[in-house]
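To start, the structure itself, in structure tokens.
A note on names: the letters A, B, ... follow the listed sequences, proteins ahead of strands, and every chain is numbered from 1.
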Number of protein chains: 2
Amino acid sequence: MVRLVVMSDLLERLRGRGWRMTAQRRVVAEVLDGEHVHLTADEVYTRATARLPEISRATVYNALGELVSLGEVLEVATDDRAKRYDPNAHRPHHHLLCSRCGTIRDVHPTGDPLADLPDSERFGFTVSGVEVTYRGLCPDCTTT
Amino acid sequence: MVRLVVMSDLLERLRGRGWRMTAQRRVVAEVLDGEHVHLTADEVYTRATARLPEISRATVYNALGELVSLGEVLEVATDDRAKRYDPNAHRPHHHLLCSRCGTIRDVHPTGDPLADLPDSERFGFTVSGVEVTYRGLCPDCTTT
DNA sequence: ATCCTACGATGGACCAATTCCAAGTCAATA
DNA sequence: TATTGACTTGGAATTGGTCCATCGTAGGAT
Ligand SMILES: [Mn+2]
Ligand SMILES: [Mn+2]
Ligand SMILES: [Zn+2]
Ligand SMILES: [Zn+2]
């Protein structure tokens, strides 16, 4: 039995969590749902505008912020100025990014970097997570 | 034989590399030299101003940018809005940062994260480096 | 089906971090 | 010491994001 409905897993979950559903929130969630992209707030805004022309930037920022607090979306800080929003919050992963064009890919390294930080290197911190960012050149940028 | 002169290792190197030395560039380099801090551009500007009151922000940004291109200083992007500048570019290391107050510490995890990224997870990229960022609460923020 | 109201949406002002620019200054070479 | 290309400056511009007063509406109550 093949599952044809791929969308709205996220929408479903949000509703279940009591997230008040509005046309604006729906399109933001829909833009993020689906493939594992890493859009900037402005890219989300542009795509949302295609579906709901009167949506405002402030609303997009609000919705993104809420999705992040809810743990449904991850905020990724690259060295670009703009944060990126990652809907793939359920399967833990890390990132590989192209220093030239900014492309981001999800990667799943082997090993547990948390285990690689001995107590003597924790300086009394309560360590709760770790992000690994690989940098390099994507196939396109390597040849060009 | 104890080495008393701890400063100007950086200055020395820059001179040797043919970096045209001006009063402004010197104070920026001096602010960064020495202990392993992670200052924002504005913090560098403030400290530089203490030594050379007429220096301008633009010049601080210019000098920082050049030091980064020269590989003498590392740019660290946290989730804060402002980038941090790390003079510890010679001994490879990673970072542990407090999610509450923003404190950053250098850490040296065991293991090689580059070796943990199999070819099948490189997607044709030429991978050149990796950053590991541990997050948690510093001792102060844990108790408070 | 309609009412109510607390929560959400809006756009425009505001802000912080950074970059850009035209004009003035100066370090290093000859 | 004269020359000149590189560096510095202050302010304007740009970018990415937040704030806020006001208006609109989702969804529970009736
Ligand atoms: Mn991702
Ligand atoms: Mn460091
Ligand atoms: Zn690329
Ligand atoms: Zn702290």
Side-chain angles (χ1 to χ4, degrees), chain A residues 8 11-12 14-31 38-70 72-86 102 104, chain B residues 11-12 14-31 38-49 51-70 72-86 102 104:
Chain A
S8 77
L11 278 292
E12 215 72 350
L14 290 168
R15 224 180 248 293
R17 297 244 236 151
W19 204 51
R20 188 167 168 179
M21 193 54 67
T22 67
Q24 294 82 351
R25 287 173 166 203
R26 184 170 7 257
V27 301
V28 170
E30 282 172 2
V31 163
H38 304 87
L39 303 173
T40 63
D42 214 64
E43 287 164 348
V44 172
Y45 172 68
T46 300
R47 299 192 182 197
T49 298
R51 290 161 171 267
L52 184 66
E54 65 275 23
I55 195 172
S56 77
R57 270 194 177 73
T59 298
V60 170
Y61 277 104
N62 288 342
L64 288 173
E66 286 152 13
L67 291 171
V68 169
S69 319
L70 287 169
E72 295 288 351
V73 165
L74 264 28
E75 230 174 37
V76 181
T78 70
D79 42 3
D80 278 352
R81 299 267 249 85
K83 288 173 186 165
R84 297 184 165 270
Y85 293 88
D86 184 347
I104 306 188
Chain B
L11 278 292
E12 214 72 349
L14 289 168
R15 225 180 248 293
R17 296 244 237 150
W19 204 50
R20 188 165 167 181
M21 192 55 65
T22 67
Q24 293 82 352
R25 288 173 166 203
R26 183 168 10 255
V27 301
V28 170
E30 282 173 0
V31 164
H38 303 87
L39 303 173
T40 64
D42 212 64
E43 287 164 347
V44 172
Y45 172 67
T46 300
R47 298 192 184 196
T49 298
R51 290 161 172 267
L52 184 67
E54 65 276 23
I55 195 173
S56 79
R57 267 193 180 72
T59 298
V60 170
Y61 276 104
N62 288 342
L64 288 174
E66 285 152 15
L67 292 172
V68 169
S69 321
L70 287 170
E72 294 288 351
V73 165
L74 263 29
E75 229 174 38
V76 181
T78 70
D79 41 4
D80 278 351
R81 299 272 297 285
K83 288 174 186 165
R84 296 185 165 269
Y85 293 88
D86 184 347
I104 307 189

Nearest-Å distance, [atom1] ([X]) to [atom2] ([N])?
X: A:Arg81; N: D:dT18; atom1: CZ; atom2: P; value: 13 Å
X: B:Lys83; N: D:dG16; atom1: NZ; atom2: P; value: 11 Å
X: B:Tyr45; N: D:dG11; atom1: OH; atom2: P; value: 11 Å
X: B:Tyr61; N: D:dG10; atom1: OH; atom2: P; value: 15 Å
X: A:Arg26; N: D:dT25; atom1: CZ; atom2: C1'; value: 13 Å

Tabulate protein N/O versus nucleotide N/O from nucleotides 6-9 of chain D, keeping only pairs under 3.5 Å, one per line.
unit_1 : atom_1 : unit_2  : atom_2 : d
D:dA6  : O4'    : B:Arg20 : NH1    : 2.8
D:dC7  : OP1    : B:Arg25 : NH1    : 3.3
D:dC7  : OP1    : B:Arg25 : NH2    : 3.1
D:dT8  : OP1    : B:Thr22 : OG1    : 2.5
D:dT8  : O3'    : B:Gln24 : NE2    : 3.0
D:dT9  : OP1    : B:Gln24 : NE2    : 3.3
D:dT9  : OP1    : B:Glu54 : O      : 3.0
D:dT9  : OP2    : B:Ser56 : N      : 3.1
D:dT9  : OP2    : B:Ser56 : OG     : 3.3
D:dT9  : OP2    : B:Thr59 : OG1    : 2.5

Quiz item: How far apart are the C-alpha atoms of A:His38 and A:Tyr85, what are their side-chain angles, what is the distance that settles it, and do they pass the side chain to side chain contact (heavy atoms under 4.5 Å, CB included) test?
Solution: CA-CA 5 Å; A:His38 304 87; A:Tyr85 293 88; over 6 Å; no
Self-check item: Between CZ on residue A:Arg25 and CH2 on residue A:Trp19, distance to nearest 0.5 Å
Solution: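 One gets 5.0 Å once the value is rounded to the nearest 0.5 Å.
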For the student: nearest non-hydrogen atoms of [X] and [Y], plus distance:
X: A:Tyr45; Y: A:Val60; answer: CD1-CG2, 3.8 Å
X: B:Ala77; Y: A:Asp79; answer: CB-CA, 4.0 Å
X: B:Ala48; Y: B:Val31; answer: N-CG2, 3.9 Å

Quiz item: Is it true that a side-chain atom of B:Arg17 and a backbone atom of B:Leu70 form a donor plus acceptor pair closer than 3.5 Å?
Solution: yes
Quiz item: Going 5' to 3' on DNA chain C, which nucleotide is the first and which the last to come under 4.0 Å of a heavy atom in chain A?
Solution: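 Extent of the interface on DNA chain C: C:dA6 to C:dT18.
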Exercise. Name all residues meeting the side chain to side chain contact (heavy atoms under 4.5 Å, CB included) criterion together with B:Thr46; count only those two or more places apart in sequence or in a different chain, and write none if there are none.
Key: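 So B:Thr46 forms a side chain to side chain contact (heavy atoms under 4.5 Å, CB included) with B:Asp42.
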Exercise. Decide side chain to side chain contact (heavy atoms under 4.5 Å, CB included) for B:Leu14 and B:Leu67; before the verdict, give the C-alpha distance in whole Å, the side-chain angles of both, and the deciding distance to 0.1 Å.
Key: CA-CA 9 Å; B:Leu14 289 168; B:Leu67 292 172; 3.7 Å; yes
